[in-house]
Asks: 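Questions regarding the structure given below will be posed in turn.
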Amino acid sequence: MVTKTKKPLVPRLGSERVKPAPFRYFRANSLAEAFAAYAEAEGDCTYMAGGQSLLPVLSLRLQTPSLVIDISRLEELRGISLANGVLRIGALTRHNEMLHSPEIARYAPLLSKAAPYVAHPAIRNKGTIGGTIAHADPAAEFPGMTLALNAEFEIANSEGRRREPANGFFRGLYETGIAPGEILVAIHVPVFGEHDRCAYHELARRRGDYPLVGCGVRATIRDGVATNGRFAFIAVGAVPQRAFAAEAAIEGQRLDETAIAAAQTALEQDLQPDDDSETTGAMRLHLAKVLLGRLLREIALSPSKAVEAAA
Ligand SMILES: Cc1cc2nc3c(=O)[nH]c(=O)nc-3n(C[C@H](O)[C@H](O)[C@H](O)COP(=O)(O)OP(=O)(O)OC[C@H]3O[C@@H](n4cnc5c(N)ncnc54)[C@H](O)[C@@H]3O)c2cc1C
């Protein structure tokens with residue numbers, strides 16, 4: 001005889017495990033209001049922009065703040081503008097705007113080229129450039145590309161504003177130069193010149209997934225000779241990384257197969273990825289070399305802006 005039992009065969013997770021712990025919600029209408037709310041909660045709180053990384057973090061209870069301060073309506077964090085050779089991109093600029101903005105395509109094209117690789121359309125509609133930089137996932141596209149672009153971050157706190165360069169800003173896994181309570185207001189990117197070229201590509205198991213390795217390169221190329229090369233890699237360690245030895249290998253060189261092979265070899269000095277559950281460090285380094293070769297060939301062959309304009 002079969003005895004019925006009420007005990008489930010598969011133990012159920014309590015519903016509380018997939019929902020955030022209770023929190024209060026406050027929508028700030030200005031930076032001053034956001035800072036006042038942060039001070040009142042004595043740090044037991046967090047800011048929310050698009051919620052695309054924060055909400056999963058709260059749902060998994062990796063953070064349990066008592067207050068969520070919504071900064072998504074702050075006018076001070078909006079807009080894209082050009083002044084004195086620098087493009088200022090407001091922190092609330094969504095990934096989708098990064099993809100379609102004519103100003104970004106013209107003056108900071110590496111960001112436009114990386115944008116289609118960021119997640120999926122639904123996430124790109126809500127996620128923001130400021131949020132992805134503050135979150136600092138080492139496999140996220142935009143934080144890494146700010147290194148190749150020599151970008152600067154405009155950060156506000158209750159005392160005022162300051163600027164911090166992208167190089168050195170990513171301090172460790174999910175750790176940045178933004179101090180507790182501070183808000184990233186904008187990203188400043190020096191604009192591309194006539195002879196500057198760039199390319200981005202990544203290798204992922206499925207389109208839209210975080211990559212196994214991603215790379216963006218930019219360089220100035222005059223008469224086939226490369227200068228000011230900056231290569232940024234993502235998903236190769238705890239933080240996005242510049243490849244200084246590989247950059248040095250092409251400095252002042254004609255960008256031909258010999259220079260490209262030298263840069264690929266030099267990459268061994270720059271990157272020492274660890275083995276992890278997805279793949280081995282040796283495989284990641286191999287993929288990084290393949291990507292770098294493809295990207296350098298692409299910028300070597302791509303027409304300069306002057307040629308594009310004449311066509
Ligand atoms: C299924 C899925 C797939 C994804 N795939 C990718 C991918 O392939 N590539 C990729 O790059 N990203 C990916 N993401 C993350 C996505 O790009 C997020 O948009 C991004 O991480 C930032 O989210 P957000 O702007 O909504 O910020 P939120 O989630 O609101 O905030 C993220 C963190 O940043 C802080 N923060 C936000 N804005 C500011 C600010 N202005 N100043 C200070 N602190 C701030 C918050 O307090 C929080 O700690 C994926 C997300 C999901 C859910």
Side-chain angles (χ1 to χ4, degrees), residues 20 23 25-28 30-31 34-35 37-38 41 43-60 62-65 67-79 89-99 111 113-146 153-158 161-162 164 169-170 173-187 200-214 216 232 234-235 240:
F23 60 82
Y25 168 89
F26 172 70
R27 181 187 288 156
S30 66
L31 274 172
F35 294 137
Y38 195 97
D44 182 15
C45 57
T46 188
Y47 297 125
M48 179 172 75
Q52 297 306 291
S53 289
L54 182 67
L55 293 180
V57 164
L58 297 184
S59 296
L60 292 167
L62 298 172
Q63 286 178 22
T64 54
L67 174 69
V68 169
I69 304 168
D70 185 346
I71 57 170
S72 67
R73 301 282 174 96
L74 300 190
E75 276 309 311
E76 296 105 314
L77 274 58
R78 293 200 177 278
I89 306 169
L92 284 175
T93 305
R94 295 196 173 138
H95 303 328
N96 206 23
E97 295 169 76
M98 301 292 295
L99 181 59
L111 296 173
K113 290 182 180 187
Y117 294 90
V118 179
H120 309 279
I123 292 157
R124 293 202 289 266
N125 280 336
K126 295 286 284 179
T128 65
I129 179 89
T132 188
I133 286 164
H135 188 59
D137 190 311
E141 287 81 3
F142 290 140
M145 295 315 101
T146 63
F153 301 123
E154 181 182 336
I155 298 166
N157 56 36
S158 54
R161 293 192 189 198
R162 64 190 174 81
E164 190 161 325
F169 175 83
F170 300 102
L173 192 61
Y174 302 110
E175 256 184 68
T176 70
I178 303 174
E182 291 189 326
I183 292 182
L184 177 61
V185 174
I187 293 98
Y200 178 85
H201 193 45
E202 65 183 40
L203 297 167
R205 292 195 193 279
R206 291 177 311 182
R207 182 86 192 214
D209 281 1
Y210 283 104
L212 289 171
V213 180
I234 61 169

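The residues of the chain are indexed from 1 along the displayed sequence. Indexing begins at 1, ligand by ligand and atom by atom, following the structure's order.
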Asks: Report yes if the side chains of I129 and E97 come closer than 4.5 Å at any heavy-atom pair, otherwise no.
Replies: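 The answer is no, as the side chains (C-beta and beyond) never meet within the 4.5 Å cut-off.
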
Asks: Assess I71 for proximity to ligand 1: is some non-hydrogen atom of it under 4.0 Å away?
Replies: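 I71: in contact with ligand 1 (<4.0 Å).
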
Asks: Quickly, which of T46, D44, T64, V68 forms a side-chain contact (heavy atoms from CB on, under 4.5 Å) with F23? Name it, please.
Replies: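 It is V68, the one option of T46, D44, T64, V68 that forms the side-chain contact (heavy atoms from CB on, under 4.5 Å) with F23.
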
Asks: Under 4.0 Å from a heavy atom of L184: give me the atoms of ligand 1 that qualify, with their elements.
Replies: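 Ligand 1 atoms under the 4.0 Å threshold to L184: 40 (C), 41 (N), 42 (N), 43 (C).
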
Asks: Could you check which of S53, A115, G131 puts a non-hydrogen atom nearest to atom 37 (C) of ligand 1?
Replies: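 Going through S53, A115, G131 one by one, G131 has the nearest heavy atom to atom 37 (C) of ligand 1.
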
Asks: Show the atoms of ligand 1 that are less than 4.0 angstrom away from any heavy atom in T46.
Replies: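 Those of ligand 1 that fall under 4.0 Å from T46 are 47 (O).
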
Asks: Taking side chain as C-beta onward, heavy atoms only, is L31 less than 4.5 Å from R161?
Replies: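 Contact flag for L31/R161 side chains = yes.
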
Asks: So, the side chain of R124 versus the backbone of V118: is there a donor-acceptor pair under 3.5 Å, distance only?
Replies: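 Checking the backbone N and O of V118 against the side chain of R124, a donor-acceptor pair under 3.5 Å is found.
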
Asks: Could you tell me whether the side chain of E164 and the main chain of I155 form a donor-acceptor pair under 3.5 Å?
Replies: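 No: the side chain of E164 does not pair with the backbone of I155.
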
Asks: Mark the output for Y117 as yes if a heavy-atom distance to ligand 1 is under 4.0 Å, and as no if none is.
Replies: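 Yes, Y117 has heavy atoms under 4.0 Å from ligand 1.
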
Asks: Check each of L55, I71, I69, L58 against M48 using the side-chain contact (heavy atoms from CB on, under 4.5 Å) test, and report the only one that passes.
Replies: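 Per the side-chain contact (heavy atoms from CB on, under 4.5 Å) rule, the option paired with M48 is L55, out of L55, I71, I69, L58.
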
Asks: When rounded to the nearest 0.5 angstrom, what is the spacing between CG in L77 and CD1 in I89?
Replies: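 Those atoms lie 13.0 Å apart.
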
Asks: Should you measure from each heavy atom of M48, which atoms of ligand 1 turn up under 4.0 Å away?
Replies: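 Counting atoms of ligand 1 from 1, those under 4.0 Å from M48 are 30 (O).
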
Asks: Using 30° and 60° as the class limits, which term best fits the ring planes of F153 and F170: parallel, tilted or perpendicular?
Replies: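 Answer is perpendicular, since the angle exceeds 60°.
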
Asks: Looking only at heavy atoms, is any part of I123 under 4.0 Å from ligand 1, and if so is it the side chain, the backbone, or both, or is it neither?
Replies: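 Near ligand 1, I123 shows its side chain, while the N, CA, C and O stay back.
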
Asks: Below the 3.5 angstrom mark, is there an N/O of G51, backbone or side chain, next to an N/O of ligand 1?
Replies: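 The answer is yes, given that G51 and ligand 1 share an N or O pair closer than 3.5 Å.
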
Asks: Number the atoms of ligand 1 from 1 as they appear, then name those within less than 4.0 Å of a heavy atom of G50, with their elements.
Replies: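 Contacts of ligand 1 toward G50, numbered from 1: 24 (P), 25 (O), 26 (O), 27 (O), 30 (O).
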
Asks: Counting heavy atoms only, which of C45, A114, A134 is nearest atom 35 (C) of ligand 1?
Replies: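 Selected option, by shortest heavy-atom distance: A134.
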
Asks: Below 3.5 Å, N or O to N or O, backbone or side chain included: is there any such pair between A91 and ligand 1?
Replies: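 No.
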
Asks: Between R124 and ligand 1, which part of the residue brings a heavy atom under 4.0 Å of the ligand: side chain, backbone, both or neither?
Replies: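 None of R124 does.
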
Asks: Among E141, H135, E182, which residue places a heavy atom closest to atom 33 (C) of ligand 1?
Replies: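 Selected option, by shortest heavy-atom distance: H135.
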
Asks: Less than 4.5 Å apart, any side-chain heavy atom of N96 and any of P121?
Replies: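 A side-chain contact is absent here, since even the closest heavy-atom pair is not under 4.5 Å.
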
Asks: Name every donor-acceptor pair, under 3.5 Å, that has one atom in a side chain of residues 173-186 and the other anywhere in the protein, sequence neighbours excluded.
Replies:
| residue | atom | partner | partner atom | Å |
| --- | --- | --- | --- | --- |
| T176 | OG1 | I178 | N | 3.0 |
| E182 | OE1 | R162 | NH2 | 2.5 |
| E182 | OE1 | A179 | N | 2.8 |
| E182 | OE2 | N157 | ND2 | 2.9 |
| E182 | OE2 | R162 | NE | 3.3 |
| E182 | OE2 | R162 | NH2 | 3.4 |

Asks: Are any of the N/O atoms on Y210, whether in the backbone or the side chain, positioned under 3.5 angstrom from an N/O atom of ligand 1?
Replies: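 N/O-N/O distance below 3.5 Å exists for this pair.
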
Asks: Does an N or O anywhere in L77 fall below 3.5 Å from an N or O of ligand 1?
Replies: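 N/O-N/O distance below 3.5 Å does not exist for this pair.
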
